[in-house]
*Asks:* 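Just passing along the structure, written as structure tokens.
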Amino acid sequence: MLAILAVLALILVGAALGRRILPFCRVQCDSFTEEFCFSSALGLGVFSLAIMAVGFLGELNNRAVSFGSLVVVCLLVPGAITLTADIVRRVRAGGLPSLNLFQWVL
């Protein structure tokens with residue numbers, strides 16, 4: 001159960017990062033679900049590329065890199081909280097359309 005919560009938190013933080021980058025890509029999203037999918041994919045991709053770049057430099061065990069990563073994640077937590085609040089608000093208002101199982105999983 002803890003692993004599932006950790007993965008959900010990682011996806012939310014990735015979506016928060018992607019939501020900040022998405023306007024620079026000039027992508028027009030038609031729905032909230034589409035925006036969430038694009039922003040989470042973009043944010044998680046940026047995270048993975050940053051980790052790979054630091055690994056290529058051989059600095060993954062460096063304390064400064066660990067501290068910098070922690071600072072970046074802490075700066076993205078308010079965006080993740082806002083995203084979670086948007087999701088809860090849309091679910092309570094009934095703003096999300098009825099979805100089949102496949103669409104709900106995505």
Side-chain angles (χ1 to χ4, degrees):
M1 183 68 180
L2 185 61
I4 293 172
L5 292 176
V7 169
L8 288 176
L10 181 66
I11 290 173
L12 280 175
V13 171
L17 176 63
R19 208 171 189 191
R20 289 188 181 189
I21 298 173
L22 202 58
F24 297 113
C25 298
R26 298 184 186 143
V27 175
Q28 297 294 328
C29 299
D30 294 330
S31 67
F32 179 75
T33 307
E34 187 177 20
E35 179 186 359
F36 181 77
C37 288
F38 283 143
S39 62
S40 61
L42 184 62
L44 291 173
V46 168
F47 273 144
S48 68
L49 289 174
I51 291 170
M52 186 175 68
V54 171
F56 282 155
L57 294 174
E59 298 294 325
L60 280 177
N61 293 329
N62 191 346
R63 288 184 188 216
V65 172
S66 299
F67 182 72
S69 301
L70 183 64
V71 168
V72 168
V73 169
C74 288
L75 290 175
L76 291 174
V77 166
I81 292 172
T82 304
L83 184 64
T84 304
D86 287 346
I87 292 171
V88 169
R89 191 176 313 118
R90 288 179 186 264
V91 168
R92 284 187 181 169
L96 295 177
S98 61
L99 304 172
N100 62 25
L101 179 63
F102 181 71
Q103 291 172 334
W104 183 82
V105 169
L106 290 177

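Just so it is clear, the structure is predicted and the values come from calculations on it, not from any experiment. The chain is numbered in sequence order, starting from 1.
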*Asks:* Say whether Val7 and Leu76 are linked into one hydrophobic cluster, either directly or through other cluster members, by side-chain heavy-atom distances under 4.5 angstrom.
*Replies:*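 Yes, Val7 and Leu76 fall within the same hydrophobic cluster.
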*Asks:* Which atoms form the tightest heavy-atom contact between Cys37 and Ser40, and what is the distance?
*Replies:*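 Nearest pair, atom of Cys37 first, then Ser40: O-OG, 3.2 Å.
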*Asks:* Report the C-alpha distance between Phe47 and Val13 in whole Å, list the side-chain angles of each, state the deciding distance to 0.1 Å, and finish with yes or no for side chain to side chain contact (heavy atoms under 4.5 Å, CB included).
*Replies:* CA-CA 10 Å; Phe47 273 144; Val13 171; 3.7 Å; yes
*Asks:* Decide side chain to side chain contact (heavy atoms under 4.5 Å, CB included) for Phe38 and Ile21; before the verdict, give the C-alpha distance in whole Å, the side-chain angles of both, and the deciding distance to 0.1 Å.
*Replies:* CA-CA 10 Å; Phe38 283 143; Ile21 298 173; over 6 Å; no
*Asks:* One pair to check against side chain to side chain contact (heavy atoms under 4.5 Å, CB included): Leu10 and Leu44. What are the steps and the verdict?
*Replies:* CA-CA 8 Å; Leu10 181 66; Leu44 291 173; 4.1 Å; yes
*Asks:* Under a 4.5 Å side-chain heavy-atom rule over Ile, Leu, Val, Met, Phe, Trp and Tyr, are Leu8 and Val77 clustered together?
*Replies:*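 No, Leu8 does not connect to Val77 through the hydrophobic network.
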*Asks:* Same cluster or not: are Ile81 and Val73 linked, directly or through other Ile, Leu, Val, Met, Phe, Trp or Tyr residues, by side-chain heavy atoms under 4.5 angstrom apart?
*Replies:*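 They do not share one cluster, since no chain of ILVMFWY contacts under 4.5 Å joins Ile81 to Val73.
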*Asks:* For Ser39 and Leu83: C-alpha separation, side-chain torsions, deciding distance, then whether side chain to side chain contact (heavy atoms under 4.5 Å, CB included) applies.
*Replies:* CA-CA 11 Å; Ser39 62; Leu83 184 64; 5.5 Å; no
*Asks:* For Ala80 and Leu12, work out which heavy atoms get closest and say how close.
*Replies:*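 Between these two residues, the closest heavy atoms are CB-O, 3.8 Å.
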*Asks:* Over all heavy atoms of both residues, which pair between Arg20 and Leu75 is shortest? Give the atoms and the distance, please.
*Replies:*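 Where Arg20 meets Leu75 most closely, the heavy atoms are NH2-O, 3.5 Å.
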*Asks:* Restricting to non-hydrogen atoms, name the atom on Leu42 and the atom on Cys25 that form the minimum distance, rounded to 0.1 Å.
*Replies:*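 Where Leu42 meets Cys25 most closely, the heavy atoms are CD2-SG, 4.1 Å.
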